[in-house]
Amino acid sequence: MTPAGRLYVVATPIGNLGDVTARAREVLGRVAAVAAEDTRHTGHLLAALGISRPLVSLHEHNERERVPALVARMQAGEDIAIVSDAGTPLVSDPGFHLVRAAAWAGIEVLAVPGACALVAALSVAGLPTDRFCFEGFLPARASARRSRLAELAQETRTMVFYEAPQRLADFLADAAVACGAARRAVVARELTKLHERVYHGTLAELALRALEDTDLRRGEIVVVVAGAEKTGQQDGAEPGRVLRILLKSLSPSRAAALTAEITGASRNDCYQLALQIGREAGAETPLE
Ligand code: SAM
């Protein structure tokens with residue numbers, strides 16, 4: 001009986017052809033077929049590498065129907081590679097259904113690792129990477145995006161997002177409201193490419209920059225947002241920090257109004273928190 005073939009999950013460059021690995025070249029050069037998100041795009045890549053192999057289209061709209069035939073080919077002994085348009089397949093890209101079906105059919109699935117935009121962005125962001133979470137693309141609809149950001153506001157791990165350039169300014173403004181204008185973040189644009197640039201700042205600074213700088217309306221973008229500070233008190237952690245600073249020189253009602261504006265928390269909650277902070281500090285004079 002012919003031994004089953006293997007499925008190779010092959011990462012390709014995210015912009016710079018020099019990032020293709022020697023192993024990716026070797027595997028792509030010898031498999032029976034390459035399942036590709038966009039056969040034209042992968043055809044150009046293979047041509048640039050001096051490789052000619054049969055291509056099978058496998059994208060989000062046809063993946064489920066293509067899986068049985070590809071699994072049958074591997075069961076008959078053929079090695080197959082899967083690639084996406086850029087970076088690592090399955091990371092905000094097709095491939096999950098094929099990998100799952102192959103693994104469940106007992107076919108060996110092997111990683112041929114390489115470029116991945118989220119890891120590249122994290123590696124240059126200068127934010128903690130010991131723990132992080134990847135959120136991929138948030139919903140394009142503003143209300144759905146805002147509610148997901150509100151859910152993430154107290155996440156203490158560094159957060160990584162993919163975002164389309166035309167939505168970047170809105171994303172950063174919404175993130176500033178949800179997580180606080182002063183939260184640190186990084187926008188990594190066109191990584192490994194000619195116009196590569198990494199912008200550091202607070203969410204408010206970056207939101208402003210995204211509105212003003214036309215370069216930020218083009219190209220490919222990863223946003224990395226610092227996690228919420230660990231305070232031991234998850235609810236209201238960010239408003240509390242802002243309030244403590246503002247209460248040094250402002251009245252509780254003024255500090256609460258500004259904190260609500262900066263953090264997106266409710267004005268009344270901020271006012272109650274301001275009174276609580278005042279009580280904890282043992283304020284001798286009446287607050288207002
Ligand atoms: N599978 C890919 C990976 O491993 O990163 C990601 C595919 S996803 C459909 C494409 C998104 O990844 C882009 O919209 C952008 O957010 C991000 N991306 C891809 N290449 C990039 C680059 N060179 N610089 C910055 N972000 C990039």
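The shown structure was predicted, so the numbers you read here are calculated from the model rather than taken from an experiment. Atoms within each ligand, like the ligands themselves, are counted from 1 in listed order.
For atom 13 (C) of ligand 1, the closest heavy atom belonging to the protein is E220 OE2, 3.5 Å. Counting only heavy atoms of the protein, atom 26 (N) of ligand 1 lies nearest to V222 CG2, 3.3 Å. Counting protein heavy atoms only, atom 24 (N) of ligand 1 is closest to L191 N, 2.8 Å. What sits closest to atom 4 (O) of ligand 1 on the protein, heavy atoms only, is T88 N, 2.8 Å. Of the protein's non-hydrogen atoms, S92 O, 3.2 Å is the one closest to atom 9 (C) of ligand 1. Looking only at protein heavy atoms, the nearest one to atom 18 (N) of ligand 1 is A117 CB, 3.4 Å.
The CD1 atom of I82 lies 6.5 Å from the CG atom of L7; values are rounded to the nearest 0.5 Å. Atom OH in Y199 sits 4.5 Å away from atom CG in D213 (nearest 0.5 Å). Distance check: D19 CG to T192 OG1 gives 5.5 Å after rounding to the nearest 0.5 Å.
Considering backbone and side-chain N/O of A188, none are found under 3.5 Å from N/O of ligand 1. Inclusion of Y162 in the set of residues having an N or O under 3.5 Å from an N or O of ligand 1 is warranted. Residue I14 has at least one nitrogen or oxygen atom sitting less than 3.5 Å from a nitrogen or oxygen atom of ligand 1, judged on distance alone. Between A86 and ligand 1, at least one N/O pair is under 3.5 Å apart.
Distances from ligand 1 to the non-hydrogen atoms of G15 include no value under 4.0 Å. At least one heavy atom of F137 sits less than 4.0 Å from an atom of ligand 1.
Counting the atoms of ligand 1 from 1 in the order shown, those under 4.0 Å from a heavy atom of E163 are 16 (O). Atoms of ligand 1 found under 4.0 Å from any heavy atom of E190, numbered from 1 in the order shown, are 23 (N), 24 (N), 25 (C). If you number the atoms of ligand 1 from 1 as listed, the ones under 4.0 Å from a heavy atom of G87 come out as 3 (C), 4 (O).
Residue contacts with ligand 1, taken as heavy atom pairs separated by less than 4.0 Å, involve I221 solely via the backbone atoms N, CA, C and O. Contacts of K193 with ligand 1, taken as heavy-atom pairs under 4.0 Å, involve the side chain alone. Contacts with ligand 1 closer than 4.0 Å are made by no heavy atom of A164, backbone or side chain. When heavy-atom distances to ligand 1 are checked against a 4.0 Å cut-off, D93 comes that close only through its side chain, counted from C-beta outward.
In this structure, F171 has its ring center closer than 6.0 angstrom to the ring center of F161.
Checked by atom type and distance alone, the side chain of R183 pairs as donor or acceptor with a backbone atom of A226 at under 3.5 Å. Between the R145 side chain and the A140 main chain, a donor and an acceptor come within less than 3.5 Å of each other.
Between R267 and E261 no salt bridge is recorded (no basic side-chain N to carboxylate O distance below 4.0 Å). A salt bridge links E229 with R241: the closest approach of a Lys/Arg side-chain nitrogen to an acidic carboxylate oxygen falls below 4.0 angstrom. R148 has a carboxylate O that lies under 4.0 Å from a charged side-chain N of E151, or vice versa, which qualifies the two as a salt bridge.
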Run the salt bridge (Lys or Arg N to Asp or Glu O under 4.0 Å) check on R209 and E205 step by step: do they pass? CA-CA 6 Å; R209 176 143 213 169; E205 287 163 354; over 6 Å; no
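The closest side-chain donor-acceptor pair between R30 and Y8 falls under 3.5 angstrom. A donor and an acceptor atom, one from each side chain of T21 and R23, are nowhere located under 3.5 Å apart.
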